[in-house]
Protein chains: 2
Amino acid sequence: MEMTLIGLRLLREVAERGTFTAAADALGYTQSAVSRQIAALEQAAGSRLFDRYPGGVRLTGPGRALLRHAVVALDALEAADRELSGAKEAGRGRVRLGFFPAAGAVMIPRTLATLRREHPRLHVATREGTTPSLARALRAGTLDLALLSSRPPHRSPDTDDPPLSVEPLLEGRLLVAVPADGPFGERGSVDVDEIAAAPWIAGPGSPDEPVLGVWPGLPGRPEVRHTARDWLTKLHLVAAGAGITTIAPTLLPAVPAGVRLVPVEGVAEEIRRISLVRLPGPLGEPTRTLVQAVRQVAADLGQLPGCEG
Amino acid sequence: MEMTLIGLRLLREVAERGTFTAAADALGYTQSAVSRQIAALEQAAGSRLFDRYPGGVRLTGPGRALLRHAVVALDALEAADRELSGAKEAGRGRVRLGFFPAAGAVMIPRTLATLRREHPRLHVATREGTTPSLARALRAGTLDLALLSSRPPHRSPDTDDPPLSVEPLLEGRLLVAVPADGPFGERGSVDVDEIAAAPWIAGPGSPDEPVLGVWPGLPGRPEVRHTARDWLTKLHLVAAGAGITTIAPTLLPAVPAGVRLVPVEGVAEEIRRISLVRLPGPLGEPTRTLVQAVRQVAADLGQLPGCEG
DNA sequence: GGTGGGCATGCGGAATCCTCATGGAGGCTC
DNA sequence: GAGCCTCCATGAGGATTCCGCATGCCCACC
């Protein structure tokens, strides 16, 4: 039996997605093909690479070992492709950053602007994702660094071994985005009783996650009148008076006219912490440069009301 | 089009052998299969990887570029195989050394003994070969270091770019191995006229190389009475009085009873230089350790008569 | 207990890959 | 300079592999 490039790519993708089906969709195969390919790879490797659970699969020890080498091999071939495609190797100045959705409007653009100014030769690739998907991507070697958001008690992003390295950057109180010309906007704050009855604009919501966008722990059944994943959509819905939504203070610089961010009174603060997460171990020079830039951006944002560096 | 592991392995093997046919034989394929696989790889890469010449093929620029990455990928997968086969990663203490045949009896065993004593955890793999094959192996990333022999004017082992790094270790006069109890052996030296008529024991000889084992530039047509590649065979043939052969002084410690090494009088000295050759660039720690050991062994051998460190 | 997400597997068809054989091009010998 | 040898390219045929479709099974959740 013999390992295959397709098998190794699938190994990485399955490790990253956590599911044969998702990996198949991502790479344009059927679930059946993935199942066979992984089975073949397991036979070639001589050991089971994934433990199968009802909800998906998880890497075994040998699976992690093979993945570590597979990532090196696949990266080398991708580098070969880039080089042969004419793109000169820019001195290995490549780093891949993942981020949670709310970081995309302010933190990521500012970081990229800083880097373009101070390290113009550094090539940064970014990707949005959920906490579990980004954590898996870090483990799969598809990302070098991830910007994640967490709520107390700030558990580690995953439970695998070895634990990910987590560096807290800043914390902020969760706020509510309200129309500037509405009754809330003019007061500068809202009471928890007022928002309980207000129409909400929430994210699409998924089975295992709590609904994002609605203030957590509200009494009764809050009405979700609109759902949207996109922040620009949500904020302009707010500006149009269609409803309100929760928001982190770090998004303040990107809020369009007609929207105000206000704190909620009469209830315990909701704290959100933004952290820089990576695999433990030494990091390359491009990654270190990126870490510095993200820290600097975070420090600047720490000056905003409701934030703490 | 898509690259294949088989294609990459073939790329490396062809680069190392210099010929589709030889690579095919080495890997158990047909020449036809190799030709197609390389053609497919060239299509996948988008550029010609080898220049075809009547005597074989040579890497193009893109070919070298792809090979550089392919070696990384293949090494990673071979490391994965080793790790999955139970062999624990011995702290990356692996180094591969190539050597010219006459180094196999003394220099290589001494080097390994030294290393086993002083660095027992270092894993050294060695391989015998001709100068061109070892040079190609260095370029193909299959060897980390090579011990090569050269004669004046000591040209570089190959003409590729970038030039190989060559560190001369020691030089020695070419000697002649004669029976200890024969007429030559008792005198301690021989004259060029005497050996011209003697029966010689030579190597098998190949079309493009001069015959090894016969004193170069002898007048007339020396008689090659026996041919053998193996040094133990050759030396015992000498001891049996079947003929004489040329030999480097570094082999002295391995010469069996009944054989003497004597210089040739009446003709210009034939100098052989032994060098340590590697790819330019930084070398890993295991390789550095091996370099030190080889230098030490060479320095010891430099004390032999006819040798100079 | 029904339902749904997720993995495994039998089956058929298509694409791939390898071998055998032949052809062409260029050097080397005599 | 003719013949020969080595080396690479390519057409044809056959066996293998690989993928997709469909189905079955298992487990968690409601």
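Numbers restart at 1 for each chain; the letters A, B, ... are given by sequence-line order, proteins then strands.
By the side chain to side chain contact (heavy atoms under 4.5 Å, CB included) test, T30(A) is found to be paired with S32(A), A33(A), residues two or more places apart in sequence or in another chain being considered. In this structure R273(A) satisfies the side-chain hydrogen bond (donor to acceptor under 3.5 Å, both in side chains) test together with E171(A), sequence neighbours excluded. Not counting sequence neighbours, the partners of S150(B) by the side-chain hydrogen bond (donor to acceptor under 3.5 Å, both in side chains) test are H154(B). Residues passing the side-chain hydrogen bond (donor to acceptor under 3.5 Å, both in side chains) test with S133(B) are T130(B), sequence neighbours excluded.
Between R68(A) and E83(B), the closest side-chain pair of non-hydrogen atoms falls below 4.5 Å. Within the 4.5 Å cutoff, no side-chain heavy atoms of V176(B) are placed close to those of T245(B). The shortest side-chain heavy-atom distance between D144(A) and L138(A) does not fall under the 4.5 Å cut-off. Between L10(B) and L41(B) there is no side-chain heavy-atom pair separated by less than 4.5 Å.
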Base, backbone or nothing for each nucleotide of nucleotides 15-24 of chain C, written B, S, -, heavy atoms under 4.0 angstrom, 5' to 3'? --SSBBB---

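Among residue pairs with one or both ends in residues 2-18 of chain B, those qualifying as side chain to side chain donor-acceptor pair (under 3.5 Å) are E2(A)-R9(B), R9(A)-E2(B), R12(B)-E78(B), E13(B)-R17(B), E16(B)-R127(B), E16(B)-T142(B); sequence neighbours excluded. Residue pairs satisfying the salt bridge (Lys or Arg N to Asp or Glu O under 4.0 Å) criterion with at least one member in residues 21-40 of chain B, sequence neighbours excluded, are absent.
Looking at heavy-atom distances under 4.0 Å, V57(A) makes contact with sugar-phosphate atoms alone, never a base.
Between the axis at the start and the axis at the end of the helix from dG1(C)-dC30(D) to dC30(C)-dG1(D) there is an angle of 30°, using five pairs per end and rounding to 10 degrees.
Of the possible polar contacts, none joining the S35(B) side chain to the Q31(B) backbone as a donor-acceptor pair under 3.5 Å is found. A donor-acceptor pair under 3.5 Å is absent between the side-chain atoms of T19(B) and the main chain of A22(B), judged by distance alone.
Within residues 10-25 of chain A, the residues approaching DNA chain C are T19(A), F20(A), T21(A), by heavy-atom distance under 4.0 Å. Against DNA chain C, the stretch residues 41-49 of chain A makes no heavy-atom approach under 4.0 Å.
In this structure, D158(B) does not pair ionically with R136(B), as no charged nitrogen and carboxylate oxygen lie closer than 4.0 Å. Ionic pairing of R58(B) and D160(B) is present here: one or more N-O contacts between side-chain nitrogen and carboxylate oxygen are shorter than 4.0 angstrom.
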Side chains of residues 43-57 of chain B: which donor-acceptor partners sit under 3.5 Å, not counting sequence neighbours?
unit_1	atom_1	unit_2	atom_2	d
R52(B)	NH1	E42(B)	OE2	2.8
R52(B)	NH1	F50(B)	O	2.9
R52(B)	NH2	E42(B)	OE1	3.3

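With a cutoff of under 4.0 Å to any heavy atom of chain B, the contacted region of DNA chain D is bounded 5' to 3' by dC7(D) to dA12(D).
For the OP1/OP2 pair of dA8(C) and a distance below 4.0 Å, the side-chain nitrogens and oxygens of S35(A) include at least one atom meeting the criterion.
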